[in-house]
Engineer: 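First, the structure itself, so that you have it in front of you.
Both ligands and their constituent atoms are indexed starting at 1 by order of listing. What's counted below: heavy atoms across the whole structure, side chains too, no hydrogens, waters or symmetry copies.
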Amino acid sequence: MKAKKLVLLLLLVCLLGCYAGSVKSLLNRPEFKAENEPIRTLRILLITDNSYRKDEIEKFFSKCSSLVEMQVGIRLEILDWYQIKWKDELNDISKMEIRIAGDTWSKRDKFDIALTFVHFVHSIEALGATDTFFWRYIFVKEMDPYILLHELFHAFLLQKGHSKDWVMRGARPPYGNEWYWLTPEDRKEVLRNKWRDFNVMPATQQEEEMKSKESWFYYNIGSAYLQKREFDQAILFFNKSLEINPKYAAAYETRGIICSRREQYDQAIADFNKALEIDPKYAEAYINRGRAYYFKGEYDKSWEDIKKAQDLGYKISPNFLDDLRKASGRQK
Ligand SMILES: [Zn+2]
């Protein structure tokens with residue numbers, strides 16, 4: 001009899017203890033439910049590269065949606081699908097983020113979160129990721145609710161990051177454990193940020209640090225457009241980048257290259273000048289300014305820049321040197 005009681009007691013302790021420290025045991029309390037009102041419907045742009053079947057994603061997605069709704073009153077709704085063909089981004093999460101941001105930029109007002117299902121390459125150990133700029137570009141590698149919920153809650157916990165336990169723990173618990181639950185403190189923080197605007201970069205750091213990060217992000221989207229030879233778009237992003245951080249030498253330099261390609265040499269030279277004002281050891285800027293002078297027929301200036309680049313240890317293409325020699329009538 002005593003033994004039976006003991007077993008029952010142990011069982012009870014175990015049951016209660018199982019979800020201790022998480023919101024799991026609170027879900028059915030009326031006051032808990034009331035705190036989740038009103039429901040926010042998140043518009044999710046689903047992105048797939050055929051790593052998973054659509055119906056598979058849908059089923060998984062709706063399970064996750066109810067797990068999130070129970071805890072914080074946020075419902076996930078599929079707004080649209082986007083099929084992606086990766087280039088060389090899959091070995092680098094920030095490249096993936098920039099690719100997704102660039103590809104979906106024109107419809108950024110229409111969705112809240114872009115959720116990408118993708119098998120990363122083996123060298124990336126992460127099972128999921130969220131960008132730390134807008135906190136809205138989410139990647140999921142496996143169909144485990146822990147991963148999707150973890151990344152999604154990151155988008156509402158912002159600088160708070162990881163907890164020791166439950167869904168916000170930094171590493172996935174062993175298989176079979178349903179660690180899908182927030183701690184009550186994390187839930188409070190999610191509720192505080194529940195209505196955040198996903199088109200605004202949340203201020204999670206020092207202002208200066210934020211600015212350089214933001215500027216870097218736009219610079220990279222611009223570079224991605226440059227690679228696609230979409231120069232107008234690229235320039236828009238370089239302008240944006242420079243608006244935020246007017247001391248970003250690389251953004252001037254790259255914008256100058258586009259102007260050169262468009263044969264707008266004066267504008268190009270103005271950009272290279274800016275880049276060199278900020279960073280007088282910027283060899284590429286000398287080379288590119290030297291080229292612009294060459295195309296303008298200002299050969300002496302061109303030679304000057306080429307020499308500066310050489311002094312900085314840069315090798316100039318022999319073809320260009322030949323052209324410059326012929327056009328200028330000088331040997332060096
Ligand atoms: Zn995490």
Engineer: For the Zn ion (ligand 1), which protein N/O/S atoms fall under 2.8 Å? Skip waters.
Structural biologist: His150 NE2, His154 NE2, His162 NE2
Engineer: Can a salt bridge be assigned to the pair Asp305 and Arg291 using a cut-off of 4.0 Å between side-chain N and carboxylate O?
Structural biologist: no
Engineer: Using side-chain heavy atoms (C-beta onward) and a distance below 4.5 Å, is Ser163 in contact with Asp165?
Structural biologist: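 Ser163 vs Asp165: side chains apart.
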Engineer: Which value, rounded to the nearest 0.5 Å, describes the distance between Phe139 atom CZ and Leu90 atom CG?
Structural biologist: 9.5 Å
Engineer: Taking side chain to side chain donor-acceptor pair (under 3.5 Å) as the test, write out the residues that go with Asp311, two or more places apart.
Structural biologist: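 Partners of Asp311 under the side chain to side chain donor-acceptor pair (under 3.5 Å) test: none.
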Engineer: Quick test of your reading of the model: are Glu178 and Lys24 salt-bridged, counting only N-O distances below 4.0 Å?
Structural biologist: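 Salt bridge: no.
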Engineer: Salt bridge between Asp131 and Arg136, side-chain N to carboxylate O under 4.0 Å?
Structural biologist: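 Not counted as a salt bridge, because no side-chain N and carboxylate O are separated by less than 4.0 Å.
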